[in-house]
Amino acid sequence: MSKALGEFEIIRNYFARAPQGEGVALGIGDDCALLQAPPSGQLATSMDTLVAGRHFPADADPAMIASRALRVNISDLAAMNASPLWFTLALTLPSSDAVWLKKFAAGLLETAGQFGISLVGGDTTAGPLSITIQVIGHTQKPLRRDGASPGDSIYVSGPLGAAAAALPVVLAEREVSEAIRREAEQVYYFPEPQLTTATAIGKFATSALDISDGLLGDLIHICEASGVAAEVNLDALPIAPLVHQLAADNAIELAACGGDDYQLCFTVPEAAAGQINQLDLAAVPIGRLVQGEPQVRCSYRGRPWVAPSPGYRHF
Ligand code: ADP
Ligand code: MG
């Protein structure tokens, strides 16, 4: 066991010296941070909690936990076409383990540096391990869920299913080669927020969200918010290579229903589809929106296909 630290020592030693980026008038240390909003556009904010044993194994590498916690939050900014600015961290720790904290803070601040987002405050408490991050970003052209219309094409930004295929490996329920285990950890703990795609599609897209609970489970949210139905051709789904390596028999199910990939699902008017296809993106058209009650209808190899399991549900 390493030496136990108090709350203020934890803040001072690991978080208070986080680099202060753009727009931070006053960072960590006072009752509030003071932030200068950009002169135009809108601020976008979102929060996600990761609970040990539920969203990551409690004994996982702290730097990897930190990476995942921040990346999944930045993914929500990408889904809104917002660029990252600031974040706060609510950390609940079972004990003040200096070795764990050092690794966690290093992973967190490295990830923050990669995405140009500054830690500006937080809260530190004792309890079962849980990490809550709130992100704030800035957008000139928000991509909401309620802007889609019948006739729009549906796209996904890249390969699906990798995180669902990786999960049994990450949970040590399945033994694989060292190389595959590393790849599974990479996929699960270092999901790539689709900021570049969001910027590129911003002026064409009518709606977007990030796929955290599975494509079909998330696409229904666009249908409900926009009052449309979706027709998805599962033959068109881009399937991640890891799926073929780990779960080839369930490839379509993992790509359609597996969570945690953090690719974007977005819609564009038919007239703009040509322009999207010309962008240098991995995005793939997978279907279209039609008039009707909010629902997602799938076809696979020319037949209707019904998901064997719904998307991830918290309760
Ligand atoms: P208060 O008692 O006024 O709520 P705290 O003692 O909780 O303030 O926090 C002191 C300062 O340290 C605040 O600026 C707060 O935002 C920051 N802080 C606390 N915990 C963290 C953390 N885990 N990461 C970053 N900043 C933190
Ligand atoms: Mg205070």
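The figures that follow rest on heavy atoms only: side chains count, while hydrogens, waters and symmetry mates do not.
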Compare all side-chain heavy atoms of [X] with those of [Y] and state whether any distance is below 4.5 angstrom.
| X | Y | result |
| --- | --- | --- |
| L108 | Y14 | no |
| L129 | W100 | yes |
| V135 | I117 | yes |
| V232 | S299 | no |
| D261 | P191 | no |
| I10 | L101 | yes |
| H244 | I239 | yes |
| E22 | V24 | no |

Between [X] and [Y], is there a donor-acceptor pair closer than 3.5 Å when you use the side chain of the first and the backbone of the second?
| X | Y | answer |
| --- | --- | --- |
| D218 | S212 | yes |
| S67 | Y189 | yes |
| S75 | R71 | no |
| Q194 | E192 | yes |
| D30 | C32 | no |
| K141 | G202 | yes |
| T88 | G122 | no |
| D48 | N73 | no |
| T132 | T49 | no |

Exercise. Hey, is E178 close enough to R181 for a salt bridge, meaning N to O under 4.0 Å?
Worked result: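 Between R181 and E178 there is a salt bridge, with a charged N closer than 4.0 Å to a carboxylate O.
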**Message:** Check R68 with D260, please: is the shortest side-chain N to carboxylate O separation under 4.0 Å?
**Reply:**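 Looking at D260 and R68, the cut-off is met.
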Enter the distance from [X]:[atom1] to [Y]:[atom2] here, rounded to the nearest 0.5 Å.
| X | Y | atom1 | atom2 | result |
| --- | --- | --- | --- | --- |
| L216 | E253 | CG | CD | 10.0 Å |
| S46 | D210 | OG | CG | 8.0 Å |
| I65 | L50 | CD1 | CG | 9.0 Å |
| I222 | C265 | CD1 | SG | 4.5 Å |
| L119 | F15 | CG | CZ | 7.5 Å |
| C257 | D213 | SG | CG | 11.5 Å |

Over all heavy atoms of both residues, which pair between [X] and [Y] is shortest? Give the atoms and the distance, please.
| X | Y | answer |
| --- | --- | --- |
| Q20 | G27 | OE1-CA, 2.8 Å |
| L254 | V243 | CD1-CG1, 4.3 Å |
| R297 | V290 | NH2-CG2, 3.6 Å |
| P57 | L171 | CG-CD2, 4.1 Å |
| S207 | T267 | OG-OG1, 2.6 Å |
| G258 | A164 | CA-CB, 3.7 Å |

Going by atom types only, do [X] and [Y] share a side-chain donor-acceptor pair under 3.5 Å?
| X | Y | answer |
| --- | --- | --- |
| S40 | Q140 | yes |
| T45 | Q134 | yes |
| D76 | Y262 | no |
| S157 | Q263 | yes |
| D146 | S226 | no |

Under a single-linkage definition using a 4.5 Å side-chain heavy-atom cutoff for Ile, Leu, Val, Met, Phe, Trp and Tyr, are [X] and [Y] assigned to the same hydrophobic cluster?
| X | Y | value |
| --- | --- | --- |
| L143 | I286 | no |
| V284 | F204 | no |
| L160 | L242 | no |
| F56 | F190 | yes |
| L237 | Y300 | yes |

Atom NZ of K102 with >12 non-hydrogen neighbours under 6.0 angstrom: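 Counting other residues, nucleotides and ligands, NZ of K102 stays at 12 neighbours or fewer.
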Above 12 or not: heavy atoms from other molecules or residues under 6.0 Å from CD of Q291?
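Atom CD in Q291 is not crowded, with 12 or fewer foreign heavy atoms closer than 6.0 Å.
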